[in-house]
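Here the structure is laid out as structure tokens; the discussion comes afterwards.
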Protein chains: 2
Amino acid sequence: MAIKHFVCEAIKTGALCPGDRLPSEAELVARFGVSRMTVNRALRELQSAGILTRRAGSGSFVAEPRPIGHMIEIRNIADEVRARGHAYRARVVCNEPVRATAETAALLNVPAGTRLFRSMIVHHEDEWPIQLEDRIVLASAAPDYGATDFTRTTPNEYLTRIAPLERVEHRVRAAMPDASTRALLGLDEQEPALIMIRRTWSRGRLVSHAQLTHPARRFELSASFSVPGA
Amino acid sequence: MAIKHFVCEAIKTGALCPGDRLPSEAELVARFGVSRMTVNRALRELQSAGILTRRAGSGSFVAEPRPIGHMIEIRNIADEVRARGHAYRARVVCNEPVRATAETAALLNVPAGTRLFRSMIVHHEDEWPIQLEDRIVLASAAPDYGATDFTRTTPNEYLTRIAPLERVEHRVRAAMPDASTRALLGLDEQEPALIMIRRTWSRGRLVSHAQLTHPARRFELSASFSVPGA
DNA sequence: AAGTGGTCTAGACCACTCT
DNA sequence: GAGTGGTCTAGACCACTTT
């Protein structure tokens, strides 16, 4: 439908930004020469897709960037910690431009030698390490990644802000961490870790690969959802 | 809206079952005394919610039981194994009626003494144990649970068939398994396990609590989703 | 008071499926 | 060919928000 396409394109190209008001139904009726029911349906469907918010008496607005967390509640770890009433602190072990090696190239599905950033960050809850984040990022998709202060903003926050998130994939497994990981997370020798591989796509490209290692004792991944319509 | 409510109630009460045909739009127009656009919108919204499937020229039908797996792909373990081209086999360690103890009562949020079923099943992929399923089920919600042959159908399959699934919750963590679990899964002493707690609700009640233990080496939980509209 | 979206009506034309 | 859903029109009344 022409109207949905028009609105989606305007959002993609940036002509319409989150919070912006759309033309009213009446204006779109005039502009596209269709009936109001048609305009109304188009906008209603975009609303139910989470792309617009609408308020009777007020107008239709481009929705804020989508909340990812509905399905797998791995949101912003800093917010999560603070929501529990604890202090959040991050220690940036490294954050530097690198060239893709054979292994990292395979992880991001790019040629060896591609410019990447590699960061390792230990996230703390009240001084307790709760996550080691080992991430590689496509430099062309996030040119300022290396200059970002990740004690103030998390990589995930940064990436979702600069690049529209299209797809996320999580894989979770348990493993015994290696010695250096144990040291960074302050783990006992016998303690297993919950490892999540999180890959994100933007503008059709796989842009980031993160390995998130958690002490098993101090972490649980949860997902909960209702069956729609039931 | 009256029509959506009518259809949903008919499905909930069992008057309409998956695969059944609904009255045509014209019939609903006559029955409810509303215009066809109203009927059409109601049915279209139920379709987009995944409750109906519709085919032009043919009719509207109650959709098959919903695919749970979109968000967390823990589907039917038997199908998963077979999809990998391997043989699936289940060993039922126990499956018996029990009364809720203090602990199991707390897990299902029922009074102690409530009638339950308790089953323990080891799922195998080509003779390799890949999951220990330790489950308790509300007997009043699944009266035939104890008489079901779980070498032929999985508990999850059985439960989703007899009770409309309303809500699922998953919690995942890593842990070192105890000795009896190690024995059932054939694990080494040092091997961590990925433990998923899966709780399911039906008709407003928490009906099942399952602890699924997986050898970490042989298992990965994955979830992948696209951002709608992006 | 003017403008907005929310909802509904009565009618129309079409492509498709079923027989 | 009869019946189905897919889509659209032109008009209406309402509750709400904004000014």
Side-chain angles (χ1 to χ4, degrees), chain A residues 1-12 14-67 226-230, chain B residues 1-12 14-67 228-230:
Chain A
M1 174 169 315
I3 292 168
K4 285 172 92 164
H5 187 256
F6 164 76
V7 173
C8 288
E9 280 306 304
I11 293 174
K12 263 183 208 155
L16 283 173
C17 298
D20 286 358
R21 219 194 109 175
L22 268 70
S24 73
E25 293 191 356
E27 285 176 78
L28 291 170
V29 163
R31 193 128 105 206
F32 287 88
V34 298
S35 82
R36 194 186 145 212
M37 269 299 276
T38 306
V39 171
N40 180 274
R41 176 174 165 185
L43 298 186
R44 182 159 29 83
E45 288 177 355
L46 290 176
Q47 177 185 36
S48 99
I51 294 172
L52 302 180
T53 60
R54 317 187 71 201
R55 277 198 309 271
S58 177
S60 303
F61 303 84
V62 178
E64 291 303 317
R66 14 198 122 269
S226 299
V227 175
Chain B
M1 172 169 313
I3 292 168
K4 285 172 92 164
H5 187 256
F6 164 76
V7 173
C8 288
E9 280 306 304
I11 293 174
K12 264 184 209 155
L16 283 174
C17 299
D20 286 359
R21 221 195 107 174
L22 269 69
S24 73
E25 293 191 356
E27 286 175 79
L28 291 171
V29 163
R31 180 137 33 148
F32 286 88
V34 297
S35 83
R36 195 186 146 213
M37 268 299 275
T38 306
V39 171
N40 180 273
R41 176 174 165 185
L43 298 185
R44 182 159 27 83
E45 288 178 355
L46 290 175
Q47 176 184 36
S48 99
I51 294 172
L52 303 180
T53 59
R54 316 187 71 201
R55 278 197 309 272
S58 178
S60 303
F61 304 83
V62 178
E64 291 304 316
R66 12 195 124 271

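Every chain is numbered from 1 and lettered A, B, ... according to where its sequence line falls, protein lines coming before strand lines.
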Rounding to an integer number of Å, can you tell me how far [X] [atom1] sits from [N] [atom2]?
| X | N | atom1 | atom2 | value |
| --- | --- | --- | --- | --- |
| B/Arg36 | C/dT9 | CZ | C1' | 13 Å |
| B/Glu45 | D/dG6 | CD | P | 13 Å |
| B/Phe61 | C/dT17 | CZ | P | 12 Å |
| B/Leu43 | D/dT7 | CG | C1' | 15 Å |
| A/Arg44 | C/dT7 | CZ | P | 7 Å |
| B/Asn40 | D/dC8 | CG | P | 11 Å |

Next on the checklist: On the side chain of B/Arg55, is there an atom forming a donor-acceptor pair with the base of D/dG6 - under 3.5 Å, no angle test?
Outcome noted: no
Checklist entry - Has the side chain of B/Arg41 got a donor or acceptor atom sitting under 3.5 Å from an opposite partner on the base of C/dG6? => result no
Nearest heavy atoms of [X] and [Y], plus distance in Å:
| X | Y | result |
| --- | --- | --- |
| A/Ile3 | A/Ala42 | CG2-CB, 3.9 Å |
| A/Gly59 | A/Arg21 | CA-NE, 4.3 Å |
| A/Val29 | A/Arg36 | CG2-CA, 3.5 Å |
| A/Asn40 | A/Glu25 | ND2-OE2, 2.9 Å |
| A/Pro23 | A/Arg31 | CG-NH2, 3.8 Å |

Item to check | Main-chain N/O of B/Ser24 paired with B/Glu27 side-chain donor or acceptor, under 3.5 Å | outcome: yes
Next on the checklist: If the threshold is 4.0 Å, N to carboxylate O, is there a salt bridge linking A/Glu45 and B/Arg44?
Outcome noted: yes
Next on the checklist: Measuring only between side-chain heavy atoms, which start at C-beta, is A/His5 closer than 4.5 Å to A/Glu9?
Outcome noted: yes
Item to check | Side-chain heavy atoms of B/Leu43 within contact of B/Leu28, under 4.5 Å | outcome: yes
Verify the contact: side-chain N or O of [X] to OP1 or OP2 of [N], cut-off strictly under 4.0 Å; return yes or no.
| X | N | value |
| --- | --- | --- |
| A/Arg54 | C/dG6 | yes |
| A/Thr38 | D/dT9 | yes |
| A/Ser60 | C/dT4 | no |

Item to check | Within residues 21-35 of chain B, residues whose heavy atoms come under 4.0 Å of DNA chain D | outcome: B/Arg21, B/Ser24, B/Glu25
Item to check | Identified stems (criterion: three or more consecutive Watson-Crick or G-U pairs, under 3.5 Å), DNA chain D | outcome: C:1-18 with D:1-18
Checklist outcome for this item: Assign each of A/Met37 and A/Gly57 the nucleotide of DNA chain C bearing its closest heavy atom; nearer the 5' end lies the nucleotide of A/Gly57
